[in-house]
Amino acid sequence: MKQVNLHGVNHKHEFVTRIAEAAKNTKKGNWVLGGGWNNDLWGGDLPMASWIDDVTPSNPVLLSRIDGHMSLANNVTLKLAGISNLTEDPEGGTIVKTTGGDPTGLLIDSARKLVLPFIPKVSVEERREALLRASNLALARGVTTIVDFGRYYPGESVELSWEDFSDVYQWADSSGKMMIRVCLFFPMETWSSLHDLIHKMGQVLSPWIYLGGVKGFADGSLGSHTALFHEPYVDEPDNCGMQITEREKLFNLTMESDKSKLQVAIHAIGDKANDMVLDIYESVISTNGPRDRRFRVEHAQHLAPGAPQRFGKLGIIASAQPEHLLDDAESATNKLGAQRAEKESFLFRSLLTCKASLAFGSDCPVANINPLGGIRTAMRRIPPSWDHAWMPSECLALDEAIKAYTISAAYASFLDKDLGSLSPGKLADFVILSTDSWDEFEAEGSASIEATYTGGIQAYP
């Protein structure tokens with residue numbers, strides 16, 4: 001919230017102007033960081049270092065795409081990190097290059113790790129202040145509990161989530177500054193550390209902090225052409241996407257985590273990535289035997305025929321974000337072709353019909369932390385500038401969308417005994433809306449948050 005915000009920028013000129021302004025207000029030599037850009041909004045051209053080199057001659061720059069799977073570095077940054085035409089792609093990442101072999105400035109997925117060591121660490125004070133600022137925003141949007149997957153992207157250090165746990169969350173809890181409840185997930189590679197922590201302290205550290213499980217990555221994102229598909233992208237016929245984590249490694253980490261009774265969540269966007277994760281989950285379930293494990297697939301955006309049925313049959317939770325649909329409707333059509341996109345994208349109704357557990361969230365800061373907007377999107381599926389629904393057969397009813405944001409979301413994190421419904425014995429977390437009629441809300445598709453309560457006490461405004 002303190003960095004360069006490029007969300008919604010729909011013209012190359014505005015993109016460059018915002019970065020120029022940020023550089024002008026930044027001391028010489030200091031980093032210009034931020035992101036949220038979406039090249040699909042200005043016609044699809046991917047940005048290059050040459051766009052911004054003239055306006056950032058004295059500052060290293062790193063700006064992530066809206067999905068977090070691609071970042072733009074300027075020439076100052078490339079030189080600082082020693083990235084040249086001779087630098088090879090790291091495992092699970094790509095340094096985008098011109099036909100002549102020179103880096104364009106774009107770093108995909110784990111290629112970001114070539115730059116990250118040169119960025120000064122954010123201070124503990126700044127991170128603590130960021131938690132308080134983000135918590136206030138959440139309460140204003142009617143959010144009382146979040147699932148935090150941590151500062152964990154391919155190429156990032158797995159220690160960041162642990163540092164935030166000890167430096168920020170435990171500090172806020174012990175000093176009475178927690179305002180929203182958090183369920184924390186940690187990088188899958190660190191499963192043994194989480195297992196030891198839960199063994200020592202239990203899953204519920206306080207009324208504010210729950211220890212959830214571990215998170216892994218199967219693929220990248222649609223917008224970065226790194227979501228993994230069975231068939232190639234129509235606009236990049238030689239590209240089927242990228243597998244971020246080797247299948248055997250992902251399988252072994254899932255197996256060990258599950259043996260330790262940890263909940264597992266894996267990011268999968270493309271149809272092939274989702275099939276691979278379902279295969280891994282099915283194999284682990286059959287090996288380790290039946291129990292209430294609530295495996296999660298984060299996003300579950302594009303599903304091949306038969307995948308919704310497998311979600312239902314295996315009891316896998318589809319943890320989806322309706323607001324992504326607004327950004328991806330055009331993008332999916334352009335990248336996958338209309339027929340393929342419509343057959344397999346954001347299959348909310350199909351998942352429910354197949355008895356799958358559907359949990360909704362925001363994926364903030366990739367999309368807005370705004371459940372009321374997400375409910376409206378799940379019901380209507382009308383992208384910006386469209387006058388009709390994208391696949392109306394997949395629209396949800398109001399009560400189905402609300403359940404996905406409340407009791408189903410709580411179930412997806414093993415929190416349904418405490419949260420997710422207004423029931424005797426549960427915590428009194430609730431919101432007051434500006435409308436007193438569900439019919440009116442359904443017709444208008446909008447309302448504002450008048451007040452937010454946590455544990456029966458008003459927390460906003």
Side-chain angles (χ1 to χ4, degrees), residues 4 6 9 11-20 22-24 26 28-120 153-156 219-228 232-244 331 334-335:
V4 185
L6 299 167
V9 171
H11 198 278
K12 173 184 172 181
H13 175 71
E14 189 188 350
F15 177 84
V16 174
T17 301
R18 285 207 196 176
I19 296 162
K24 200 165 63 180
T26 304
K28 189 175 177 179
N30 285 6
W31 282 80
V32 174
L33 301 169
W37 56 268
N38 181 358
N39 52 300
D40 294 323
L41 296 181
W42 60 69
D45 287 349
L46 286 166
M48 299 194 288
S50 58
W51 288 19
I52 58 171
D53 281 339
D54 289 347
V55 298
T56 58
S58 310
N59 300 90
V61 175
L62 191 69
L63 302 161
S64 61
R65 194 181 184 278
I66 187 170
D67 48 45
H69 289 267
M70 180 186 278
S71 296
L72 176 67
N74 68 347
N75 222 18
V76 177
T77 299
L78 295 175
K79 282 183 177 160
L80 187 65
I83 297 171
S84 70
N85 55 357
L86 300 175
T87 311
E88 293 185 6
D89 292 338
E91 185 186 339
T94 304
I95 302 163
V96 180
K97 294 178 180 174
T98 64
T99 48
D102 295 318
T104 68
L106 286 173
L107 305 170
I108 295 176
D109 283 311
S110 66
R112 288 157 37 98
K113 71 182 177 189
L114 302 173
V115 167
L116 296 176
F118 298 93
I119 301 175
Y153 282 109
E156 297 274 10
D219 66 346
S221 73
L222 180 76
S224 300
H225 287 89
T226 53
L228 187 65
Y233 290 86
V234 295
D235 57 342
E236 289 190 6
D238 297 327
N239 179 21
C240 288
M242 183 183 290
Q243 189 170 313
I244 298 294
S331 187
N334 294 336
K335 292 176 170 62

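Along the sequence shown, the residues carry numbers beginning at 1. Keep in mind that this is a model prediction, so the values were computed, not measured.
If you take CG on Leu86 and CD1 on Ile95, they are separated by 10.5 Å, rounding to the nearest 0.5 Å. Once rounded to the nearest 0.5 Å, the distance linking CG of Asp109 with NE2 of His69 reads 5.5 Å. Rounding to the nearest 0.5 angstrom, the gap separating the CG atom in Leu62 from the CG atom in Leu116 is 7.0 Å. Lys97 NZ to Ser84 OG: the interatomic distance, rounded to the nearest 0.5 Å, is 7.0 Å. Summarising the geometry, atom CZ belonging to Phe15 is positioned 11.5 Å from atom CG belonging to Leu41; distances are rounded to the nearest 0.5 Å. In this structure, CG in Asn39 is found 8.5 Å from CG in Leu106, a value given to the nearest 0.5 Å.
With Thr104 contributing its side chain and Thr98 its backbone, the two residues share no donor-acceptor pair below 3.5 Å. No side-chain donor-acceptor contact under 3.5 Å links Asp102 to the backbone of Asn85. Checked by atom type and distance alone, the side chain of Trp37 pairs as donor or acceptor with a backbone atom of Ser64 at under 3.5 Å.
Annotation: side chain of Leu63 is not in contact with side chain of Leu33 (no heavy-atom distance under 4.5 Å). Counting heavy atoms from C-beta outward, Thr87 and Pro103 have side chains that stay 4.5 Å or more apart. A heavy-atom distance below 4.5 Å is found between the side chains of Asn38 and Arg65.
Under the side-chain contact (heavy atoms from CB on, under 4.5 Å) test applied with Tyr233, the options Leu222, Asn334, Asp238 reduce to a single match, Leu222.
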The test is side-chain contact (heavy atoms from CB on, under 4.5 Å); show your working for Val96 and Leu107 and say whether it passes. CA-CA 6 Å; Val96 180; Leu107 305 170; over 6 Å; no

Passes side-chain contact (heavy atoms from CB on, under 4.5 Å), His225 versus Asp235? Steps please. CA-CA 10 Å; His225 287 89; Asp235 57 342; 3.0 Å; yes

Derivation and outcome, side-chain contact (heavy atoms from CB on, under 4.5 Å), residues Val61 and Val76: CA-CA 7 Å; Val61 175; Val76 177; over 6 Å; no

Asp89/Ile108 under side-chain contact (heavy atoms from CB on, under 4.5 Å): CA gap, chis, key distance, verdict: CA-CA 10 Å; Asp89 292 338; Ile108 295 176; over 6 Å; no

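The environment of CD in Glu91 is sparse: at most 12 heavy-atom neighbours from other residues, nucleotides or ligands sit within 6.0 Å.
In terms of heavy atoms, Trp31 sits closest to Pro120 at CD1-CD, 3.4 Å. Taking both residues in full, the closest heavy atoms of Lys28 and Ser58 are given as CG-CB, 3.5 Å, listed atom of the first, atom of the second, then distance. The two residues Ala23 and Val32 come nearest to each other via the heavy atoms CA-CG2, 4.0 Å.
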Scan the side chains in residues 44-56 for donor-acceptor partners under 3.5 Å anywhere in the protein, sequence neighbours excluded, and list what turns up.
from	atom 1	to	atom 2	distance (Å)
Asp53	OD1	Asn75	N	2.9
Thr56	OG1	Ile52	O	2.7
Thr56	OG1	Asn74	ND2	2.9

